[in-house]
Amino acid sequence: MPGGGLVLIYSDITERKRAEAQIHAARDAAERALRELQTAQASLLHAQKMAALGQLTAGIAHEIKNPLNFVNNFADLSVELLDELKEAAEPAVASLSDDTRAEIDEIVGMLTGNRAKIAEHGRRADGIVKSMLAHSRGGSSDRQSVDINGLIDEALNLAYRGEAVEIRVRDNGAGIPPEFRDRLFQPFFTTKPTGEGAGLGLSISYDIITQQHGGTIEVDSTFGEFTEFTTRPPRFRRAGTAGIT
Amino acid sequence: MSFSILVVDDEADVAEMFRQRFRREARQGTYVLHFAASGEEALDKLADGVRPELIVILSDINMPGMDGLSLLREIKTRRPDLPVMMVTAYGDDERRRQATEAGALQFLSKPVDFDLLKEELRQLAGTAE
């Protein structure tokens, strides 16, 4: 431009800013939807695996139940028959020598004892089968369930309302070997035998705490002693509610 | 007075169990036990006639060939008044419903409570007498 004149280019970027904001919002929404879908997919997969496992357990339990019924039934019968034998043999036994009678009494005593043992172990096995069936129906086995929400509600009512909520769950179990520590929250990571664990529990928990609540989850463990999970969901701004669902 | 009981089950040990459970009653002549290993065999026995008077049929549900529910329906067309009790390890509501609908007198879950069963049999024998 001769004479070194100046050209002013003026343009209104309000529209572009708005479009950009819209794109960002759309992207955030899409990412949120993706995360939700991934979570849903993971829980669906988990539910499917648990359902298949439940069917398998119920099938096995039913198969075991039948022969076990026979064991328990014939054990009961043996007692009845022993009583009847004693009754039927009484007149004859009375005429035997003390020595022979003592021996017969001893054998009958042992047989009665055996039957008690069969019944005892039969009941044990029966209990296992029953809890397998209960478990496969989604009911509780012999482990006690704890209403964690109720427990936390109670604790929160008592506690000073500070900046954050911290929930620690600690057991006195086998602990987690250090080499597994890094992979603990990975989906499908499990140390259980094939078919027994989906390896999704902790990865879903991680998602719930970090993605859905925006909190943190940490693990501390000494192999052979304990495992402790610490979750810190943020407190919501609304008074009186902590971010726990 | 002596009465017959027909037990239908494909598992051979069920017969042995009943024989032992009813040893005294059989010895005293209160009941005569008959056994069939399948629904077909049970119908054959029924057609041949069971002596002394048959007061009840106890049938398993899960059997190869004709299952217990089909047997129950067949018996009910031939002898509508003959009491039939279904015995099964799978005591689910659907089977129970089907059995009741088809006219079963009782639906017993394995393991069978023999004290209860004997009480029911006493009542059936009392009605027949």
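Worth saying up front: this structure is predicted, and the values here are computed from it rather than measured. Chain naming here is simple, since letters A, B, ... match the order of the sequence lines and numbering starts at 1 in each.
Among residues 94-117 of chain B, the residues having any heavy atom closer than 4.5 Å to a heavy atom of chain A are, in sequence order, B:Lys110, B:Pro111, B:Phe114. Residues of residues 20-41 of chain B that come closer than 4.5 Å to chain A, counting heavy atoms only, are B:Gln20, B:Arg21, B:Arg23, B:Arg24, ordered by residue number.
The neighbour count for A:Asp99 CG, taken as heavy atoms of other residues, nucleotides or ligands under 6.0 Å away, does not exceed 12. Atom CD of A:Glu103 is surrounded by 12 or fewer heavy atoms from other residues, nucleotides or ligands within 6.0 Å.
To the nearest 0.5 angstrom, A:Asn69 atom CG is 12.5 Å from B:Asp13 atom CG.
Proximity to chain B (any heavy atom under 4.5 Å) is shown, for A:Asn73, by both the backbone and the side chain.
When all heavy atoms of A:Phe70 and B:Glu11 are compared, the closest pair comes out as CE1-OE1, 3.3 Å.
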